[in-house]
Colleague: 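Below: one structure in C-alpha cells.
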Amino acid sequence: MNANTIELKELEVWLITGSQKLYGEAALRKVAANSQKIAATLDTSGNIPAKVVFKPVVKSPAEATALCQQANTAPNCIGLITWCHTFSPSKMWINGLKQLRKPLVHLHTQFNRDIPWSSIDMDFMNLNQAAHGDREHGFIMSRMRLNRKVVVGFWQDATVQKQIGAWSRAAAAWHDWQGARFARLGDNMREVAVTEGDKVSAQMQFGYSVNGYGIGDLVQHVNAANASEVNALVEQYDAAYAVAPKLRKQGAMRKSLVEAARIEAGLRSFLSEGGFKGFTDTFEDLHGLVQLPGTPVQRLMAEGYGFGAEGDWKTCALVRAMKVMASGLQGGTSFMEDYTYHLSPTDKLVLGAHMLEICPSIAKGRPSLEVHPLGIGGKADPVRLVFDTPPGPGLNASLIDLGNRFRLLVNEVDVVKSRPLPKLPVARTLWRCWPDLATAATAWIYAGGAHHTGFSQAVTTEMLEDFATMAGIELVVIDADTRLREFNQALRWNEVYHHLRSGMMA
Ligand code: MN
C-alpha cells in the first residue's frame with residue numbers, strides 16, 4: 001500500500017462497555033446486546049468515518065487491562081470509546097488506563113433514551129445507570145490526568161455521532177503520524193526562525209520523524225524518470241487543466257510543462273521509495289532542478305501528501321494530518337501563506353496564496369495551468385496551477401515550537417467570493433477572519449503563529465481540538481468569541497500550566 005493512501009474505513013474504533021458482576025449473568029447478557037446495538041449504529045453512521053467495533057463488556061481489572069493492552073498493539077485500532085452503563089468501579093480500570101497509548105473518547109450515554117415512567121423498576125435501573133456509572137469513570141480519568149474527550153447525549157442523536165466522528169478523524173490523523181516519515185529536501189529558507197524547531201522533541205511528542213535529504217537525492221530520481229511515465233503525466237495535465245496556449249503542444253514553452261512532469265515523476269519515485277507521507281523543499285537549494293517544483297507539489301498535495309515550503313516541516317506534517325482528518329469530506333485542504341491584506345475601512349480581508357504551492361483540492365472550477373517567471377530562486381520559469389477558492393467557512397492552523405513545547409493555533413475564517421486578479425499568477429483564496437482582522441491578526445501575532453498554515457474548508461476546530469488533546473499539546477483558538485484581553489491572559493496561564501503539567505502527572 002502506498003504510504004500516502006488515506007482510507008478511514010480500514011481503521012477501527014473499539015466500543016468498550018464498563019460494567020461489573022454485581023447484577024448477574026442475565027443483566028450482563030442484556031448489556032452486551034445493548035452495547036452491540038450501539039456499536040452497530042455508530043458503525044453505520046454517516047457521521048463516523050471509521051469502523052466501530054464492539055468489544056466484550058469489561059467486568060474486572062484483568063479484563064480492562066487486557067483490552068487496553070490489545071488496543072495498544074492492534075495495528076488498525078485508532079482509539080477507544082468507553083461507556084459505563086452502570087458502576088464499573090474505577091480502580092479496576094487504573095492498570096489498563098495507565099498502559100493505554102491510544103486516544104480515548106468517553107461516551108456518556110444511556111441505552112434507553114426516555115424514562116419509561118409507568119414501568120420503570122430496578123431491572124431497568126441495572127441497565128441504565130450511566131448517570132452515575134460514567135461519573136465514576138470520569139473521576140478516575142481526571143484523577144489520572146488522562147487526556148480524553150467527553151461526549152454526552154443519546155447515542156442515536158446526530159450531534160453525538162458528529163462529535164465522535166470529529167474525534168475519529170483526529171484519531172485517524174494521530175494514528176497516521178505514528179511512525180510517519182517526512183522528507184526535508186535541503187534545509188529551510190536561510191535565517192527564517194518559525195520554520196525551525198526541535199525534530200527530536202517533535203518525534204517524541206508526535207511520533208513522526210523528519211530527516212534531511214540533499215536535493216541531489218531527488219535530482220537522481222528526476223533524471224531517471226522514464227519518457228513514457230513523463231508523457232503519461234503530460235497527457236494527464238492536458239486533460240485535467242485549462243492549459244495556457246504557450247504550454248500546449250506546439251506552444252513556445254511546451255518544454256517547461258514536460259520538465260514539470262519530469263520533476264513530478266521524480267518526486268513520486270523519491271517519495272514512494274522512501275515511504276514518505278510528505279516533504280518540504282526550498283527555493284534556496286535547487287541545484288540540478290531546472291525549475292522550482294510548482295505543479296508537481298500541487299498535484300501531490302491533492303493526493304494527500306503533506307507539504308511545507310521553505311523547509312517548513314511542522315506545517316508539512318500538519319497539512320498531512322489535516323488531509324487525513326478531511327478524508328472523504330467536502331472541501332479541500334492546503335498548505336497556505338498569509339500573502340497580503342485588503343485594509344478597506346468597510347471590508348478587511350486576507351489574500352492567502354504562496355509563490356506556487358497551493359493544493360488544487362481547494363480550487364473552484366478547473367485550474368488553469370500556466371507558466372510565469374519567479375522573482376526569486378534564479379531558476380527557469382516554473383509551471384503552476386492557478387485557481388480561486390469557493391466561498392464558505394474555513395480555518396487556518398499553525399503548529400509552532402515554543403522551545404519548551406508545541407502550540408497549535410487556529411483561526412476560523414470565512415472564505416469570500418473571489419475577485420478577478422488577472423495579473424496575479426498564483427492560486428489564491430480570499431478570506432475574512434473571525435472575529436475581525438485586527439483582533440485575529442493581533443491574537444495570532446501575540447501567540448507566535450507562523451505565516452505558513454494548514455488551510456482547510458473541511459477540517460473543523462473541533463477536530464483540531466481533539467487532535468491537540470491526543471498529542472498533549474496546547475491549543476489556542478481565535479474565533480467569533482475571541483477577546484484580546486482574555487486571549488492574552490490565556491496565553492500567560494497556558495505558559496504556567498504547560499510548564500507545570502509534567503510535574504502534575506504523578
Ligand atoms: Mn512561504
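Each ligand, and each atom within it, is numbered from 1 in the order the structure gives. No experiment lies behind these values; they were computed from the predicted model shown.
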Colleague: Any chance the side chains of R101 and T73 put a donor and an acceptor closer than 3.5 Å?
Modeller: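 No, T73 and R101 have no side-chain donor paired with an acceptor closer than 3.5 Å.
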Colleague: Check the side chains of D347 and S344 for a donor-acceptor pair under 3.5 angstrom, ignoring hydrogens and angles.
Modeller: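 Short answer, no.
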Colleague: If the plane angle is over 60° it's perpendicular, under 30° parallel, otherwise tilted; pick one for F270 and F276.
Modeller: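 Parallel.
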Colleague: Does atom CZ (R483) have a neighbourhood of more than 12 heavy atoms from anything else shown, all under 6.0 Å?
Modeller: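 12 or below, so no.
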Colleague: Please enumerate all residues that pass salt bridge (charged side-chain N to carboxylate O under 4.0 Å, His left out) together with R254, with sequence neighbours excluded.
Modeller: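 By the salt bridge (charged side-chain N to carboxylate O under 4.0 Å, His left out) rule, R254 matches D238.
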Colleague: Assign the ring pair H354 / Y339 to parallel, tilted or perpendicular, where the plane angle (0 to 90°) is split at 30° and 60°.
Modeller: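 Geometry flag for Y339 against H354: tilted rings.
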Colleague: Could you grab the protein N, O or S atoms closer than 2.8 Å to the Mn ion (ligand 1) for me?
Modeller: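 Less than 2.8 Å away from the Mn ion (ligand 1) sit E310 OE1, E337 OE1, H354 NE2, H452 NE2.
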